[in-house]
Amino acid sequence: MASINGKTIWVTGASSGIGKSLVMALSSYSCNLIISSRRENELNRVKALCGNTDNISILPLDLKNHEETLDLAQKAISFYGKVDILVNNAGISQRSLIKDTKLEVYEQLMNINYLGTVALSKAILPHFIANKSGHFVTVTSLMGKFGSPYRSGYCGAKHALHGFFDVMRMEHEGDGVKVTMVCPGFVQTNVAKNALTADGSPQKDDDAATQNGITPELAAKKMVSAIENDKFEVYVGGKEVKGIYLKRFFPKLLHKMVLKSQVR
């Protein structure tokens with residue numbers, strides 16, 4: 001079991017939802033935190049909520065700007081002299097049918113959820129290799145393991161993350177690099193409200209499944225446990241987690257159940 005105490009942890013998507021709750025949970029440990037998102041004012045608000053802020057540094061980033069990741073990685077390292085854990089949590093969802101969705105929406109989903117995460121991870125990887133130690137904690141989704149209507153681009157990007165980080169683990173295990181994939185189901189966040197629709201505009205409306213999901217605080221608690229226990233993968237949610245096992249052993253049954261539910 002790896003201790004979080006004494007580590008430097010960089011969390012993206014830290015201004016709200018799971019990321020915010022994770023930062024608040026980690027702030028109770030004796031660790032250094034680097035918190036990132038697009039909204040610096042919201043990061044300052046999250047930092048203030050953590051109480052003792054001497055060990056929390058703010059680093060704004062936008063995952064769409066891939067060319068900035070090398071500079072951001074160096075700046076992150078400069079805060080405390082190292083980064084031990086990168087939590088890839090930032091991302092955006094989608095709610096639209098394939099036939100209606102513009103190609104530009106798929107490009108945006110891939111640029112943020114997949115390529116942005118890959119670019120940032122590659123930027124910090126040499127630091128991990130040099131230290132013979134490092135841990136990627138990548139938040140994907142249950143949608144990275146099976147699909148659901150209205151989420152084609154989101155599912156595609158999340159599936160891609162699993163392929164990339166499975167190989168990251170294989171290629172760099174000898175360099176002391178670890179990978180944990182966190183797959184949330186329904187969590188009470190603004191993910192549905194912020195989800196892109198067919199033309200790229202936000203949905204703005206919440207949905208019942210998200211409202212009835214687990215709390216972000218519980219999701220964060222499970223994430224911390226997964227990090228400490230060096231889990232390869234962890235599934236976080238309610239009964240929707242069963243879809244993982246249905247997909248593996250009864251894929252046709254899962255197909256019928258998802259179509260019947262038509263969860264938006």
For [X], I'd like to know if atom [atom1] has over 12 heavy atoms of other residues, nucleotides or ligands within 6.0 Å.
X      : atom1 : result
Arg169 : CZ    : yes
Glu173 : CD    : no
Ile98  : CD1   : no

So, [X] side chain and [Y] main chain: donor-acceptor pair closer than 3.5 Å or not?
X      : Y      : value
Gln203 : Thr197 : no
Thr12  : Ala90  : yes
Arg45  : Leu43  : no

For residues [X] and [Y], is any side-chain donor paired with an opposing acceptor at under 3.5 Å?
X      : Y      : answer
Ser201 : Asp199 : yes
Ser96  : Gln94  : yes
Asp230 : Thr180 : no
Ser148 : Tyr154 : no
Ser3   : Tyr29  : no
His162 : Asp166 : no

- Message: To the nearest 0.5 Å, what is the distance between CD on Gln74 and CD1 on Ile124?
- Response: 7.0 Å

- Message: Quick check for you: to the nearest 0.5 Å, what is the distance between Arg39 atom CZ and Asn44 atom CG?
- Response: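 If we round to the nearest 0.5 Å, Arg39:CZ and Asn44:CG are 12.5 Å apart.
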
- Query: Would you call Glu233-Lys145 a salt bridge at under 4.0 Å N-O?
  - Reply: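 Answer for the salt bridge query: yes.
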
- Task: Not counting sequence neighbours, which residues clear ring pair (Phe, Tyr, Trp, His ring centres under 6.0 Å) with Phe136? List them please.
- Result: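 Applying ring pair (Phe, Tyr, Trp, His ring centres under 6.0 Å) to Phe136 gives Phe128, Phe165.
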
- Task: Please determine which of Asn89, Asn88, Thr117 meets the side chain to side chain donor-acceptor pair (under 3.5 Å) test together with Thr138.
- Result: Asn88

